[in-house]
Visitor: 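Below you will find the structure I want to go over with you.
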Amino acid sequence: MKATEKRGYFGEFGGSSVPSDLQNVLDILEENFYRYKDDEEFNRELNYYFEEYVGRKSPLYFAENLTKQCGGAKIYLKREDLNHTGSHKINNVLGQILLAKRMGAKRVIAETGAGQHGVATATVCAMFGIDCTIYMGAEDTKRQSLNVFRMELLGAKVVAVEKGQGRLKDAVDEAFADLVKNYEHTFYLLGSAVGPHPFPSMVKHFQSVISKESKKQHLAKEGKLPAAVLACVGGGSNAIGAFAEYIDEHNVRLIDVEPDQAPTLTEGRPGNLHGFRCIVLQDEEGTPLPTYSIAAGLDYPGVGPEHSYLKTSGRAEYVTVTNEEVLEGFQTLSKVEGIIPALESAHAVAYALTLAPALSAEDSIIVNISGRGDKDVEQVFAMLKK
Ligand SMILES: *Cc1c(COP(=O)(O)O)cnc(C)c1O
């Protein structure tokens, strides 16, 4: 697996099959990413903004009340919800914008689903004074109208994409079309561990800060590694960041939690999407199937190539949870720990409620709280009233 990562393959997955004009842009991006990823000055600047702007490192919080309520393994929460802008997305966005600056980009474009990546991108563009355009599915702009306003407040232009289902997948298509037209001065800041090489490797690199921190924090608190790490999976960026440092630690279970209304890894098959090979939720003809997650950030028929590989190689486990279980997880964490998680993160919480009681009290698990739930409170209110 390691030997192939540099070229962007994870087993049969990943790679880059795009038109040659786009490939040229990706080649330049790849060259710059590998040039700067281990550059001392680059990392000094990245760490500066992680600490001073994002508020890293994020706590690994022992959820004592939740642990008592569940019985069984100790539950630790990796608090990415405490980051500036409220989710893990800012980690990747900061890394990529520093790269964009070094590449001389005058304009940044991005896709967004729930609006979290769009807000994170608009935020750093505001801070660095870079022109910013966000593509968002028309349907999602309705579900997350406050995030649209947030992005506009931050100075970004939000383009509502009416094509297709008007969802995340359609926004990605529009962003790539823009990049091909305007690549000379435009940087496409992609928000998840998906897309053609080098995006999955680059996003993983910047999100790995999550598990770099959690491994040290867990060792300091428990003197050993966790029995399992749980994360929700949309495109797979918070999960791959939460897993990265444990992939070679074979005693640590890696568990991806999906909505049963968007069960890409559980029910999908290998296929091609947006210029890379991955597990895709698709019909007989290979057309991506519509997904209907209550969490906009998980509403995507594909998943990152490395997750596709971790599944087929058997290294990671993939489970689904129902909407009822997610709402239960959302309310339980709020009530018992005083932490309102994002609906996306509530998927991981929901499965922890099942897993922890099945494990020994000697064990501990880490649940990645990818984001905070303020953006979802209104939606949950409406769902619970029904
Ligand atoms: C975007 C988002 C996700 C899903 O994206 P991944 O790339 O799979 O991590 C999960 N949780 C939150 C809070 C998000 O904003």
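Each ligand, and each atom within it, is numbered from 1 in the order the structure gives. All values reported here derive from a predicted model rather than from experimental measurement. If you read the sequence from its start, that first residue is 1, and numbering goes on from there.
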Visitor: So does Glu174 get a backbone contact from the side chain of Asp178, meaning a donor-acceptor N/O pair under 3.5 Å?
Guide: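 Absent.
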
Visitor: Can you tell me how far CD1 of Ile369 sits from CG of Asn238, rounded to the nearest 0.5 angstrom?
Guide: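 Answer rounded to 0.5 Å: 9.5 Å.
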
Visitor: If we check side-chain contact (heavy atoms from CB on, under 4.5 Å) with Leu355, which of these qualifies: Val319, Val257, Ile365?
Guide: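 Going through the options one by one, the only one that passes is Ile365.
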
Visitor: Rounded at 0.5 Å granularity, tell me how far OG in Ser192 sits from NE2 in His117.
Guide: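 Going from the OG atom of Ser192 to the NE2 atom of His117 covers 9.0 Å.
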
Visitor: Do you know which of Phe62, Tyr76, Tyr61 makes ring pair (Phe, Tyr, Trp, His ring centres under 6.0 Å) with His218?
Guide: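 Single pass found, and it is Tyr76.
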
Visitor: Sort out the contact shell of ligand 1: every protein residue with a heavy-atom distance below 4.0 Å, listed by chain and number.
Guide: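 Ligand 1 pocket, heavy atoms under 4.0 Å: His88, Lys89, Gln116, Ser192, Cys232, Val233, Gly234, Gly235, Gly236, Ser237, Asn238, Gly297, Leu298, Ala342, Glu344, Ser370, Gly371.
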
Visitor: Per the ring pair (Phe, Tyr, Trp, His ring centres under 6.0 Å) rule, what does the pair list look like for residues 127-183, sequence neighbours excluded?
Guide: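 Non-adjacent pairs meeting ring pair (Phe, Tyr, Trp, His ring centres under 6.0 Å): Tyr49-Phe128, Phe176-Tyr188.
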
